[in-house]
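What follows is one structure encoded as structure tokens, with my remarks underneath.
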Amino acid sequence: MGTKKAPYANRKKHYDTLLKKQNEAIGFIGLLRLIVFVSGIGFTIFFFMKTSYYLSIFILIITIITFVTLAIKHNKIKHNKIRCLILCKINEDSLKRLNNNWKDFADNGDDFIDEDHSYSRDLDIFGENSLFQWINTCVTYLGRQKLKGALSKPKYNIEEIHKRQDAIKELANNVGWTQRFAAESILSENKNHDPEALFDWVKDKNDFFLKPIVILLIRLIPVFTLSLLVLSFVFSNISYRIFLIAIVLHIILLVIGYKEVSKNLDTIFQYKDTILIYNNLIKHIEKKNFKSDYFIKLKEKLINKEGMKASFQIKKLVNLVNLISDRKNIYYLPINILLLWDYQCLINLQRFKKASGSDLKPWLDVIGEIEALNSLSIISYDHSDWAMPKFQEGTPIFNATEMGHPLLGDTRVYNNIYIEKSQNVLLITGSNMSGKSTLLRTTGINLVLAYAGAPVCAQNFSCSIMDIYTCMRTSDNLEKNISSFYAELLRIKKLVTATETKTPIFFLLDEIFKGTNSIDRHTGAKILVAKLSTENALGFVSTHDLELGDIEKTNRRVKNYHLKEYYKDDKLYFDYKLRTGVSTTRNALYLMKMAGLEIPPDIELPK
């Protein structure tokens, strides 16, 4: 891991140095602009007072040209400075991620938390200290949605996963490109807007404004009106009142079409900054010569049937948006009345809708998909020693060597896990705090990464495609009048129902039926384990009930494993290593004593 810190640190140092130079350049050009302006105006006035009018005008022109040139250069450097600051922050965050200081990242995906999802809540996929918070670099609305889908609804087949793996590895080998792509998306001021209204807008076509006769009239009416104005000055017998009557007709036309105009122009104006940044991102993608099949297919979506690139088409939309960007400006009103400018823009927008409207969503989907893959590629770059999963068709299987929890950093513990059809239920016993829940989450979160196409925290990893179901965190729901025990029953019901569809299932059940008495809990667990062992499913069941270990004696598909603790110098320690067999230790009384509860001397504590 240390070798990965150096590139990030070097990149940050490079951008810090560049920032220093840019600040110096901004200061220097700012001072130079002031000198040019003051001296230019001064010499202009001086030579004007000396009646050297031609020289005075020449100096004024040179001053204006120089000042404008410096202003353009100044703005360009300021824009590059903003991009440079973003790149500094990106590398700073990358170092935080490697140093396990990522838990203060602002976007943790808490808006994606779904209590009813089959696994995301239990496995910390979204929310505080989550997988999403750890890897997410998506900024656009669709990018975040694509990453959410990859982590919570990974409906990819094995071939698609392999292509995603190649794409992620390609991005990991092009970290400079991925960072610049991320920087471009961050530049958007309205980056998180849902583009659904934009997609609805392009679908809503009005063919009336595409009729040749309508277009001709809209183009010619302003020409005719302006001609009346000119003619009223040239010919005394043509009254300017005719021109005023024409202007009144213009106003009537604008009022009649106000609703249609506003529906189109106001919607597209809301997405002005977003469209501009989408255009920059698309150009960034088009310039990259990708090699993996996944990216080649994505780039094909950026070229229409006529062979035109998406950037060329969306640039037209950008130009149109710029033309209507001053609608609320006081100067826009007379121009609009005189030239029927709203209608001119509306015609051009309708032409864009007809020519390219249906392509807009696929274009933006490509941006979102690459943003999501960018996030996953961070894992591949930062942890090049992690395994890229292999997949097996047919009978469900899960096989991992030296597997650890990806979010635990240097504190993670590695275990070997093997589950297959002949022994498809692993019964995990162990005392409090021994690591049973963490082991289950370790298995589940790595499986989620595998299905997304990302590397996993293991030395070797192979599995089949299975739907993941968990029952680990259940709580009372006062609004729905549901107790924690009933909430647990509902989740288990979903699992059992899913197994009956014959779809391969991977389950993780932690301390099942803990909300009822020990007899019912024990009986219910035996029934559920027996049921799951006969289905097309693999998974874990963790429990404190050591008596459940007897199931292995009568059901060959159940295999006992345990986690244990040990005592040294009257202190409790855990090694979190998985071992075969049923747990032989308990520590509840010891933990009670540590919490301050007085234990009678006749009761022996574990040693």
Side-chain angles (χ1 to χ4, degrees), residues 1 4-5 8 89-90 92-139 143-154 182 192 371-372 374-383 386 403-415 432-452 454-458 468-475 484 487 491 508-511 540 542 563 574 576:
M1 184 182 293
K4 296 301 180 184
K5 292 180 182 180
Y8 288 133
K89 182 67 165 56
I90 288 173
E92 184 180 321
D93 287 347
S94 297
L95 287 169
K96 284 184 177 180
R97 195 176 285 109
L98 282 176
N99 291 322
N100 209 33
N101 295 325
W102 50 269
K103 295 177 182 179
D104 61 344
F105 289 174
D107 189 3
N108 59 21
D110 56 0
D111 51 322
F112 297 144
I113 293 175
D114 181 4
E115 298 289 346
D116 295 325
H117 191 267
S118 64
Y119 63 80
S120 64
R121 181 64 171 159
D122 286 341
L123 300 183
D124 301 311
I125 304 301
F126 306 110
E128 192 174 351
N129 304 331
S130 66
L131 176 62
F132 186 92
Q133 186 179 22
W134 178 52
I135 63 170
N136 175 54
T137 60
C138 299
V139 177
R144 296 180 77 249
Q145 291 292 327
K146 291 290 184 181
L147 183 57
K148 171 199 172 185
L151 298 179
S152 61
K153 297 179 181 178
N192 286 325
E371 266 200 301
N374 261 1
S375 294
L376 295 169
S377 73
I378 288 173
I379 304 172
S380 183
Y381 180 79
D382 289 354
H383 304 281
W386 288 12
M403 180 181 66
H405 198 297
L407 305 186
L408 293 184
D410 295 335
T411 64
R412 71 173 63 97
V413 175
Y414 300 92
N415 279 292
N432 297 286
M433 299 168 60
S434 59
K436 298 188 299 297
S437 300
T438 300
L439 176 66
L440 268 60
R441 291 192 177 93
T442 298
T443 307
I445 200 170
N446 277 298
L447 204 56
V448 169
L449 286 175
Y451 293 159
V456 297
C457 184
I468 304 172
Y469 283 81
T470 64
C471 183
M472 302 178 71
R473 292 187 179 119
T474 53
S475 57
S484 60
R491 291 192 69 84
L508 297 166
L509 308 180
D510 189 27
E511 301 293 345
F540 292 78
S542 75
L563 296 157
F574 303 93
Y576 308 111

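We count residues from 1, following the sequence as given. All values derive from a computational prediction rather than experimental measurement.
Of the possible polar contacts, none joining the S380 side chain to the L376 backbone as a donor-acceptor pair under 3.5 Å is found.
You'll find the side chain of R491 reaches within 4.5 Å of the side chain of T470, heavy atoms only. In this structure, the side chains of P154 and V448 stay at 4.5 Å or more apart for every pair of heavy atoms. For the pair T137 and R97, the minimum side-chain heavy-atom distance is below 4.5 Å. Looking only at side-chain heavy atoms (C-beta outward), F132 and D110 stay at 4.5 Å or farther from each other. Considering only heavy atoms from C-beta on, C457 comes within 4.5 Å of Y414 through its side chain. You'll find the side chain of V139 reaches within 4.5 Å of the side chain of E371, heavy atoms only.
If you take CZ on R473 and CG on D510, they are separated by 9.5 Å, rounding to the nearest 0.5 Å. One finds the CG atom of L408 at 6.5 Å from the OG1 atom of T442 (value rounded to the nearest 0.5 Å). Taken from CG in L131 to OG in S152, the straight-line distance is 11.0 Å, to the nearest 0.5 Å. The distance from the CG atom of D122 to the CD1 atom of I468 is 11.5 Å, given to the nearest 0.5 Å. Once rounded to the nearest 0.5 Å, the distance linking NZ of K103 with CD of Q133 reads 9.0 Å. With rounding to the nearest 0.5 Å, the separation of CG in N108 from CD1 in I113 is 7.0 Å.
Residues satisfying the side chain to side chain contact (heavy atoms under 4.5 Å, CB included) test with V413, not counting sequence neighbours, are N415, Y576, K577. Residues passing the side chain to side chain contact (heavy atoms under 4.5 Å, CB included) test with S120 are H117, I125, F126, sequence neighbours excluded.
The nearest pair of heavy atoms linking R412 to G404 is CD-CA, 4.1 Å. Of all the heavy atoms in L407 and N129, the pair that sits closest is CD1-O, 3.8 Å. A372 and G143 make their closest contact through CB-O, 4.2 Å (heavy atoms, listed as atom of the first residue, atom of the second, distance). Across L508 and L440, no two heavy atoms sit closer than the pair CD1-O, 3.3 Å. Smallest separation of non-hydrogen atoms from W386 and P406: CH2-CB, 3.7 Å. Looking at every heavy atom in both residues, K5 comes nearest to L95 through O-CD2, 3.5 Å.
Ring planes of H383 and W134: tilted class, angle from 30 to 60°.
Under the 4.0 Å criterion applied to side-chain N and carboxylate O atoms, K89 and D93 are assigned as salt-bridge partners.
There is a side-chain donor-acceptor pair under 3.5 Å between N100 and W102.
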